[in-house]
Amino acid sequence: MTRLNTARLAALWIVFLAVHLLTAWLGWIYPSQPMGDVVLVYEPWASSALGGGAIVGVTETWVYPQLALVPMLLAKALSMPLVPLLGASGAYLIAWAVLVTALDALAFAVLLGRSPSRPRITAAWFWCAALLLLGPIALYRIDAITVPIAVVGGLWLSTKPALAAALLTIGAWIKIWPGALVIAAVVAVRARLRVLIAAAAVTAGVMVLLVLLGADDEVLGFLTEQTGRGLQIEAVAATPFLWLAVAGAARIEYSFEILTFQISADGVDAVQALLTPLMVVAVLAVTALGVVKTLRGASFHRLFPPLALSLVAVLIVTNKVGSPQFQTWLIAPVVIWLVLDSARARVPAVLVLVLCALTCLVYPLSYDALLAAQLLPVLVLTLRNVLLIVLLIVGIRALVRVPAVRTPNHQE
């Protein structure tokens, strides 16, 4: 490696660390408690499990897949030496930020390697920019744990398909969305049997472990727990009702059961009842399009990135929930797309960066005003949600345009 390349690589690592430090620090000063879930929800769950109390996902139904508890427990263990200095909450926040940064660093190292190509360098800059623009929510949520797992899993699919599928399945047992990348892998990877076996083995292992720990109806409780949710104010489908709230014809209410703000108005129940079936149909339709491309000889490098991004975008656009951390889901597919097919990934990458910036403007920077249904934050959120639909269209358009004749493997 030349001195110039060494300097560029060092600069990237410095930027990576600076972005994580700045983003972690902003969590302490931004409004609306962007770190709230970590100390108000994750830490109590971890303390209860370690202290002989209820174990979420095992002794009681939980909103997350059960492996989400593992990083919460790890952060609790990391925080213990700091408790005398910072107190339980402060220590846990520091430990959580360190854990996320460490996992991101491992994935960043896989992405860059010792002598990264130009597409990998571009992908690394994109990742740093996305984190910076999205702000503290990019670190202080359980979703942040799944991003590096998804990045590494996606990068390894063409060379280590079984290991990659295992990683992605583990990610899906932390937060469901990496399952979209597993679906895309089954469709696009030639070694799909190995992908299926690895995913099935991890899933079977997790379920057997849960049963041995005493879980029963709780094993798949994270799926049934979602069915009773209302329409969250930031969801794409809630956008028209938010404008009704601006006009005084709808209400924003807090759900103490789900711990989130939801919209209440005539027609909301009908819309939220349609969203889950719509999500299923849309996922099946996008997957079917990918299968058609596979049967016609599409290459992995051209097919997987737009298929993965389209599936993830479907999960966001058709969701009853519109949590700001959902934007982190888009980082991994775009990183992988930039590495495998950088020329066609530019528009999606720019759209995701804009989405990250708009999301941060909504939460946490103007969230109090949004809860009051003020015009400006509703307008910003509307633009964000429209761009999510645009991103989905861009992804599907790229998927449709994937060549049907197998092309030579992409050379980085």
Side-chain angles (χ1 to χ4, degrees), residues 19 22-44 63 87 89-90 92-93 96-97 100 130-144 229-266 268 271-272 316-317 319-330 352-388:
V19 165
L22 176 60
T23 304
W25 172 70
L26 288 174
W28 295 81
I29 64 173
Y30 272 1
S32 301
Q33 291 186 306
M35 306 183 298
D37 280 18
V38 175
V39 290
L40 300 177
V41 185
Y42 302 169
E43 194 277 335
V63 71
S89 296
Y92 194 80
L93 284 171
W96 184 268
V100 172
L131 285 175
L132 185 62
L133 291 172
L134 186 54
I137 202 71
L139 296 183
Y140 295 109
R141 289 294 188 274
I142 188 64
D143 308 69
R229 298 190 75 141
L231 188 61
Q232 189 181 6
I233 61 171
E234 294 150 276
V236 172
T239 306
F241 297 105
L242 269 183
W243 285 101
L244 290 178
V246 172
R251 300 187 310 277
I252 295 174
E253 300 176 343
Y254 187 73
S255 169
F256 289 95
E257 181 181 357
I258 304 296
L259 306 179
T260 189
F261 288 94
Q262 300 177 167
I263 197 79
S264 177
D266 292 339
V268 166
V271 170
Q272 69 186 36
I316 299 174
V317 170
N319 213 306
K320 291 189 290 187
V321 182
S323 299
Q325 62 266 25
F326 284 11
Q327 308 310 306
T328 62
W329 303 0
L330 301 168
V352 170
L353 292 179
V354 174
L355 285 166
C356 288
L358 291 173
T359 299
C360 186
L361 287 176
V362 173
Y363 184 89
L365 295 181
S366 63
Y367 200 63
D368 288 341
L370 177 68
L371 296 180
Q374 293 183 15
L375 179 62
L376 183 58
V378 171
L379 184 61
V380 174
L381 180 57
T382 299
L383 178 59
R384 196 282 305 269
N385 287 346
V386 169
L387 285 182
L388 279 170

Donor-acceptor contact below 3.5 Å, side chain Tyr42 vs main chain Ile142: yes
Taking Gln232 for the side chain and Gln262 for the main chain, is one N or O donor matched with an acceptor at less than 3.5 Å? no
Might you work through the side-chain contact (heavy atoms from CB on, under 4.5 Å) test for Leu379 and Trp243, ending with a clear yes or no? CA-CA 9 Å; Leu379 184 61; Trp243 285 101; 4.2 Å; yes
Can you name the closest pair of heavy atoms from Gly27 and Pro34 and give their distance? O-CG, 3.7 Å
To the nearest 0.5 Å, what is the distance between CD1 on Ile233 and OG on Ser264? 13.0 Å
First locate atom CG of Leu22, then atom CG of Leu132, and finally report the distance between them rounded to the nearest 0.5 Å. 6.0 Å
Please determine whether side-chain contact (heavy atoms from CB on, under 4.5 Å) holds for the pair Ile316 and Leu330, giving the CA-CA distance in whole Å, both sets of side-chain angles, and the decisive distance to 0.1 Å. CA-CA 9 Å; Ile316 299 174; Leu330 301 168; 3.9 Å; yes
Set of side-chain contact (heavy atoms from CB on, under 4.5 Å) partners for Leu40, sequence neighbours left out: Gln33
Atom pair OG1 (Thr23) and OH (Tyr30), whose distance is rounded to the nearest 0.5 Å: 8.5 Å
Start with the C-alpha distance between Thr260 and Val321, add both sets of side-chain angles, then the distance that settles side-chain contact (heavy atoms from CB on, under 4.5 Å), and finish with yes or no. CA-CA 9 Å; Thr260 189; Val321 182; 5.8 Å; no
Distance col, row Leu242:CG vs Leu370:CG, nearest 0.5 angstrom, shows 6.0 Å
Can you tell me if Thr239 and Asn385 form a side-chain donor-acceptor pair at under 3.5 Å? yes
So how far is it from Arg141 CZ to Met35 CE, rounded to the nearest 0.5 Å? 10.0 Å
Nearest non-hydrogen partners of Arg384 and Gln327, listed with the distance: NH1-NE2, 3.4 Å
Locate the shortest heavy-atom distance separating Asn319 from Ala235; write the atom from each residue and the value. O-CB, 3.5 Å
Side chains of Leu365 and Cys360: does their closest heavy-atom pair fall under 4.5 Å? yes
Which residue, Leu358, Thr359, Val362, Val236, forms the side chain to side chain contact (heavy atoms under 4.5 Å, CB included) with Leu381? Val362
Residue pair Tyr363, Ser32: steps toward the side-chain contact (heavy atoms from CB on, under 4.5 Å) verdict: CA-CA 8 Å; Tyr363 184 89; Ser32 301; 4.0 Å; yes
So how far is it from Leu134 CG to Cys356 SG, rounded to the nearest 0.5 Å? 4.5 Å
Does any non-hydrogen side-chain atom of Ser89 lie less than 4.5 Å from one of Glu43? no
Over all atoms of both residues, closest heavy-atom pair of Leu353 and Leu133: O-CD1, 3.5 Å
Ring centres of Trp96 and Tyr140 under 6.0 Å apart? no
At their closest point, which heavy atom of Ala144 faces which heavy atom of Ala138, and how far apart are they? CB-O, 3.2 Å
Heavy-atom pair of closest approach, residues Pro377 and Ser366: CB-OG, 3.7 Å
